[in-house]
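Keep in mind it's a predicted model, so treat the numbers as computed, not measured.
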Amino acid sequence: LQRLLRERVPIRDLVTILEALGDAAETTKDPEALTENVRRSMGNVIIRSYTEPDGSVRGISLGPKLEQSLMSLFSPRSAQGGGINAAQMALLTPETLANTLSHLKRISSESTVDGKVPPLITSPSLRVGIRRLVSPVLPNLPVISLAEFPSSVTLNTVAVWDLEDAA
């Protein structure tokens, strides 16, 4: 519940939360994995707070270069030293990550309308890692997985967050 509240996910629907926890607890005890399972179950509730009157969601999408680089960074293989090639390592220097986060901060502030910050939309496998990466710089930026989107909701991309200098 603390993890959900930290990301401003309403916890009123305890029945759904407990059912999702019960289902996922059969396969994992990892709190992050359990939280992600609950978030997927509560997709309608999460998305509702970002839905526009026309039923769509304005969001910031992840660019393909950055997405690929972050997948390499966050993958278990890269932690063992075998998952990142030299070109990907060159893209993910601390300076590049700092510049990329500054770029996201700029995009976020430019895309804010009436004080409403558009969420950053990621793939399910990257959501937790990206949330950890951006929260020190942008603690109020919602990070939402595509798995949390109901099929009836349309995503309108207002900006794309990508590596600026990548070729």
Using the rule that Ile, Leu, Val, Met, Phe, Trp and Tyr join whenever any side-chain heavy atoms are under 4.5 Å apart, tell me whether [X] and [Y] fall into a single cluster.
{"X": "Ile144", "Y": "Leu4", "value": "yes"}
{"X": "Leu70", "Y": "Ile121", "value": "no"}
{"X": "Leu101", "Y": "Val128", "value": "no"}
{"X": "Val9", "Y": "Val153", "value": "yes"}
{"X": "Val158", "Y": "Val160", "value": "no"}

Quick one: does any side-chain atom of [X] pair with a main-chain N or O of [Y] as donor and acceptor, under 3.5 Å?
{"X": "Arg39", "Y": "Glu148", "value": "no"}
{"X": "Ser111", "Y": "Ser108", "value": "no"}
{"X": "Ser102", "Y": "Ala98", "value": "yes"}
{"X": "Arg58", "Y": "Thr51", "value": "no"}

Using the side chain to side chain donor-acceptor pair (under 3.5 Å) criterion, which residues pair with [X]? Sequence neighbours excluded.
{"X": "Arg131", "result": "none"}
{"X": "Arg12", "result": "none"}
{"X": "Asn156", "result": "Ser56"}

task = Using only heavy-atom distances, determine whether the side chains of Thr157 and Ser61 contain a donor-acceptor pair under 3.5 Å.
result = yes
inquiry  = For Ser109 and Thr112, which I'm curious about, is there any donor-acceptor pair between the side chains at under 3.5 Å?
reply    = no
query = Is it true that atom NZ of Lys105 has more than 12 heavy atoms of other residues, nucleotides or ligands lying nearer than 6.0 Å?
reply = no
query = Taking NZ, NE, NH1 and NH2 as the nitrogens, is one of them in Glu7 or Arg127 under 4.0 Å from a carboxylate oxygen of the other?
reply = yes
